[in-house]
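What follows is a short report on a single structure.
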Amino acid sequence: MKWPEAAMRASNGQVGQVRNGAGLFERVYALVRQVPSGRVVTYGQVAAALGNRRLARQVGWAMRTCPDDVPWHRVVNGAGQLSTRAEVGSFNPQRAWLEEEGVEFGVGGRIDLRVCGWNGWQE
DNA sequence: AGGTTGACTGGGG
DNA sequence: TCCCCAGCCAACC
């Protein structure tokens, strides 16, 4: 959709107690860009890193329209499953991409977060 | 200004 | 473990 218009607009809003002078979208992208290949994080983790756990849904909304240099495929839901709607027919590019990076999928298409989950923002 | 929508979560059954 | 449901909150009618 309208990137970067939407991001710009979001930049003057405020999120809970988070003052996003840098722009909510930009903050999300900057965070996601730090996730290393072969590892994944959850929407909730990103939201927590932003300072407000309840922004998980908005993180997902932000992922919908992100720059090409953002590894959006490394963001999954708390159950370790892909919640993307990016799949084309029965083929899910997000899964294929992750498998290329070495991420394993168990039965039901679940990723073991204890193995592939990343946690570099925990201060 | 008010209602609807989610690429979400955590808790309860 | 799985399913359902009530919160959530910015974006978008």
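Below, chain A is the first sequence line, B the second, and so on; all start at residue 1.
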Pairs flagged by salt bridge (charged side-chain N to carboxylate O under 4.0 Å, His left out) wherever residues 41-58 of chain A is involved - sequence neighbours left out: none

Nearest-Å distance for atom pair CG/P, residues A:N77 and C:dC2: 12 Å

Partners meeting salt bridge (charged side-chain N to carboxylate O under 4.0 Å, His left out) with A:E99 (sequence neighbours left out): A:R95

Within residues 33-44 of chain A, residues whose heavy atoms come under 4.0 Å of DNA chain B: A:T42, A:Y43, A:G44

Distance, rounded to the nearest Å, where A:I111 contributes CD1 and B:dA7 contributes P: 18 Å

Test salt bridge (charged side-chain N to carboxylate O under 4.0 Å, His left out) applied to A:D68 - qualifying residues, sequence neighbours left out: none

Protein-nucleic acid N or O pairs under 3.5 Å, nucleotides 6-8 of chain C:
residue: C:dG7; atom: O6; partner: A:R57; partner atom: NH1; Å: 3.0
residue: C:dC8; atom: N3; partner: A:R57; partner atom: NH1; Å: 3.2

Residue pairs, two or more places apart or on separate chains, that pass side chain to side chain donor-acceptor pair (under 3.5 Å) and touch residues 36-46 of chain A: none

Residue A:L55, side-chain heavy atoms: nucleotide from B:dC8, C:dC9, B:dA7 that is nearest: C:dC9

Salt bridge (charged side-chain N to carboxylate O under 4.0 Å, His left out) partners of residues 109-118 of chain A, not counting sequence neighbours, each pair once: A:D112-A:R114

Sequence neighbours excluded, every pair satisfying salt bridge (charged side-chain N to carboxylate O under 4.0 Å, His left out) that has a member inside residues 42-52 of chain A: none

Proximity to the side chain of A:R64 - top-ranked nucleotide from B:dC8, C:dA10, B:dA7: B:dA7

Under 3.5 Å, side-chain donor or acceptor atoms of residues 101-109 of chain A against the rest of the protein: list the pairs with distances, not counting sequence neighbours.
residue: A:E101; atom: OE1; partner: A:G38; partner atom: N; Å: 3.1
residue: A:E101; atom: OE1; partner: A:R74; partner atom: NE; Å: 3.1
residue: A:E101; atom: OE2; partner: A:H73; partner atom: NE2; Å: 3.0
residue: A:E101; atom: OE2; partner: A:R74; partner atom: NE; Å: 3.3
residue: A:E101; atom: OE2; partner: A:R74; partner atom: NH2; Å: 2.8

